[in-house]
Amino acid sequence: MAAFKSDFMRIVHERGMVHQTSDAARLDELLSTGTRTAYIGFDCTADSLHVGSLLQIMMLRWWQKSGHKPIVLMGGGTTKIGDPSGRDESRQLLTAEQIDANMAGIRRVFDKYVEFGDGPTDARMVDNAEWLDQLLYIPLLRDVGRHFSVNRMLTMDSVRLRLERNQPLTFLEFNYMILQSYDFVELKKRYDCILQMGGSDQWGNIIMGTDLGRRIEGAELFALTTPLITTSSGAKMGKTASGAVWLNAERVSPYDFWQYWRNVEDADVGRFMRLFTELPLPEIARLEKLQGQEINEAKKVLATEITGLAHGAAAAAEAEATARRTFEEGGKAESLPTVNVPRAQLAEGIAAFELFHQAGLAPSRTEARKLIRGGGGRLNDKPIASDTVVIKEDDLGSDGTLKLSAGRKRHVLVRAA
């Protein structure tokens with residue numbers, strides 16, 4: 001590994017966060033001689049980001065902690081088109097109101113990771129609709145479009161893979177990389193932004209932006225991408241049987257978020273600590289060497305550190321305490337995720353598989369049946385004999401709740417409402 005002068009380049013390379021960089025030596029030189037500005041773009045396709053975006057968020061956090069200014073670019077404009085990267089079909093087009101609501105939700109995620117303000121290293125959130133909505137079609141074709149070779153655009157993964165799979169690519173989506181490149185030029189002009197970061201699948205699009213900046217503005221721009229993160233078994237990060245692991249508490253509770261990280265594979269503990277926490281590298285080296293049951297203690301550290309960043313130290317501590325009471329002390333733990341069910345429904349009785357599905361412990365009724373038939377379903381810590389067992393009001397405890405468990409690690413309280 002090269003010896004870097006700048007804190008940012010040293011940190012992200014030591015922690016394994018970098019996949020590719022354009023002219024790393026020159027970028028390192030610039031970062032070591034003053035405060036610089038970088039950005040990462042996020043389209044507003046949902047009202048939260050999920051774990052799949054966490055590495056990008058950490059890149060911006062380290063950028064700021066290293067004394068530089070991060071820009072969080074919201075794709076209020078590009079979301080109206082849809083990024084074709086890594087997709088076999090077009091995204092559903094959202095209304096302006098949906099985009100605005102999603103942008104507000106994503107802002108709440110970033111409030112936990114970076115400091116916003118007007119200072120030299122304070123983060124800034126920018127909406128690319130500010131300039132993209134003002135573009136005129138003919139001037140854009142003449143002034144920007146002439147710098148793009150269709151031959152080269154067809155070689156980009158976002159386009160090539162769709163065509164190879166005989167999946168339709170709309171002309172609307174084909175323009176996405178042009179607008180993403182134009183974003184980089186605008187951010188350079190407005191904020192002297194010199195670096196765009198993103199996932200490895202964005203390399204081609206980012207390089208297009210550096211090239212456009214050179215052609216139009218004579219600007220020296222840089223690209224840096226992060227590796228694609230999968231688990232040791234090859235599974236995609238941030239996906240569970242219940243769906244995506246979102247970063248907003250309204251989508252996934254701090255407890256469920258903590259549990260996701262507590263349950264990672266043994267071989268992933270050290271790597272995930274380097275990528276997603278700020279623990280010192282010597283401490284990570286010590287923890288990842290633990291064997292047998294001791295590795296579970298390292299997983300608790302991992303879960304608490306990551307949950308602390310996403311939801312705050314208090315929520316992380318409560319999630320850890322809830323897990324301890326639930327697993328180690330056999331308690332019910334009031335802070336477990338709670339689902340309200342009409343009391344009349346419980347009075348009449350609900351089939352076990354139906355209640356497991358309603359409680360979010362299985363993505364479908366079929367999966368709920370499989371879970372219970374396989375011995376993985378428990379009611380108040382006791383095995384459920386059949387998926388058609390009727391759960392009634394009598395199963396509620398004195399506190400008005402009952403506890404459902406899917407395996408040993410996923411629990412929900414059901415409360416009569």
Side-chain angles (χ1 to χ4, degrees), residues 17 40 42-61 86-87 102 105-113 199 201 226-278 296 298-313 315-320 322-323 326-327 335-339 356-357 359-364 367 371 404-412:
M17 302 172 81
I40 300 179
F42 300 87
D43 277 344
C44 310
T45 53
D47 61 1
S48 176
L49 298 175
H50 53 66
V51 166
S53 297
L54 189 53
L55 183 52
Q56 312 309 321
I57 296 171
M58 291 301 295
M59 294 295 285
L60 290 176
R61 182 176 172 86
R87 298 183 65 86
N102 289 345
I106 293 172
R107 170 61 187 251
R108 292 198 300 274
V109 172
F110 278 99
D111 282 336
K112 301 291 180 64
Y113 287 91
D201 62 331
T226 58
L228 174 66
I229 305 299
T230 59
T231 66
S232 293
S233 60
K236 192 173 182 179
M237 273 290 297
K239 293 288 185 181
T240 70
S242 302
V245 182
W246 298 95
L247 298 174
N248 274 0
E250 296 85 355
R251 287 257 197 167
V252 171
S253 71
Y255 173 79
D256 284 337
F257 188 78
W258 189 93
Q259 279 293 330
Y260 172 77
W261 297 104
R262 164 62 181 83
N263 295 329
V264 300
E265 298 170 37
D266 293 0
D268 289 328
V269 172
R271 182 165 60 111
F272 288 173
M273 282 181 173
R274 283 186 283 274
L275 295 175
F276 304 124
T277 81
E278 294 173 345
N296 290 328
K299 290 181 182 182
K300 292 176 186 176
V301 173
L302 171 72
T304 300
E305 289 290 325
I306 297 180
T307 305
L309 287 174
H311 298 293
E318 182 180 358
E320 183 176 14
T322 298
T326 304
F327 304 127
S335 51
L336 282 174
T338 301
V339 174
F356 267 71
H357 174 55
L361 290 172
S364 67
E367 290 300 318
L371 172 72
L404 295 181
S405 304
R408 293 181 300 167
K409 298 177 178 178
R410 297 176 58 227
H411 309 271
V412 169

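Here, residue 1 is the first one in the sequence, and each next residue gets the next number.
- Within the 4.5 Å cutoff, side-chain heavy atoms of Pro227 are placed close to those of Leu55.
- Using bins of under 30°, 30° to 60° and over 60° for the plane-to-plane angle, the ring pair His50/Trp246 lands in the perpendicular bin.
- In this structure, CG on Asp111 lies 12.0 Å from CD1 on Ile106, to the nearest 0.5 angstrom.
- Between Tyr260 and Val245 the shortest heavy-atom distance is CD1-CG2, 3.6 Å.
- How far CZ of Phe272 is from OG1 of Thr231: 6.5 Å, rounded to the nearest 0.5 Å.
- Looking at heavy atoms from C-beta onward, Thr277 lies in side-chain contact with Leu302 at the 4.5 angstrom threshold.
- For Glu278, the salt bridge (Lys or Arg N to Asp or Glu O under 4.0 Å) partners are Arg61, Lys65, not counting sequence neighbours.
- Under the 3.5 Å distance criterion, the side-chain polar atoms of His411 are left unmatched by any main-chain donor or acceptor of Ser405.
- Classification of the Trp261-Phe257 ring pair by plane angle, with boundaries at 30° and 60°, yields perpendicular.
- Taking CG of Leu309 as the reference point, atom NZ of Lys112 lies at 10.5 Å (rounded to 0.5 Å).
- You'll find the side chain of Leu60 reaches within 4.5 Å of the side chain of Phe110, heavy atoms only.
- Here the options are Leu247, Leu54, Asn248, the test is side chain to side chain contact (heavy atoms under 4.5 Å, CB included), and the partner is Leu49; only Leu247 passes.
- In this structure, the side chain to side chain contact (heavy atoms under 4.5 Å, CB included) partners of Ser253, at least two apart in sequence or on a different chain, are Tyr255, Asp256, Pro337.
- Taking 4.5 Å as the limit, some side-chain heavy atom of Leu404 sits within range of a side-chain heavy atom of Phe356.
- Contact detail for Ala319 and Pro254: the closest heavy-atom pair is CB-O, 4.0 Å.
- Between Met273 and Val301, some side-chain heavy-atom pair lies under the 4.5 Å cut-off.
- Counting heavy atoms from C-beta on, the side chains of Tyr113 and Met58 come closer than 4.5 Å.
- Taking the charged nitrogens against the carboxylate oxygens, Asp268 and Arg271 do have a contact shorter than 4.0 Å, which makes a salt bridge.
- Although no hydrogens or angles enter the test, the distance criterion places a donor-acceptor pair under 3.5 Å between the side chain of Asn102 and the main chain of Asp47.
- Residues meeting the salt bridge (Lys or Arg N to Asp or Glu O under 4.0 Å) test with Glu367, sequence neighbours left out: Lys370.
- A donor-acceptor contact shorter than 3.5 Å links the side chain of Glu265 to the backbone of Ser233.
- Side-chain N or O atoms of Lys299 include none that pairs as donor or acceptor with a backbone N or O of Val269 at under 3.5 Å.
- To the nearest 0.5 Å, the span separating CD on Gln259 from CD on Glu320 amounts to 11.0 Å.
- What you find for Arg251 and Ala46 is that their closest heavy atoms are NH2-CB, 3.8 Å.
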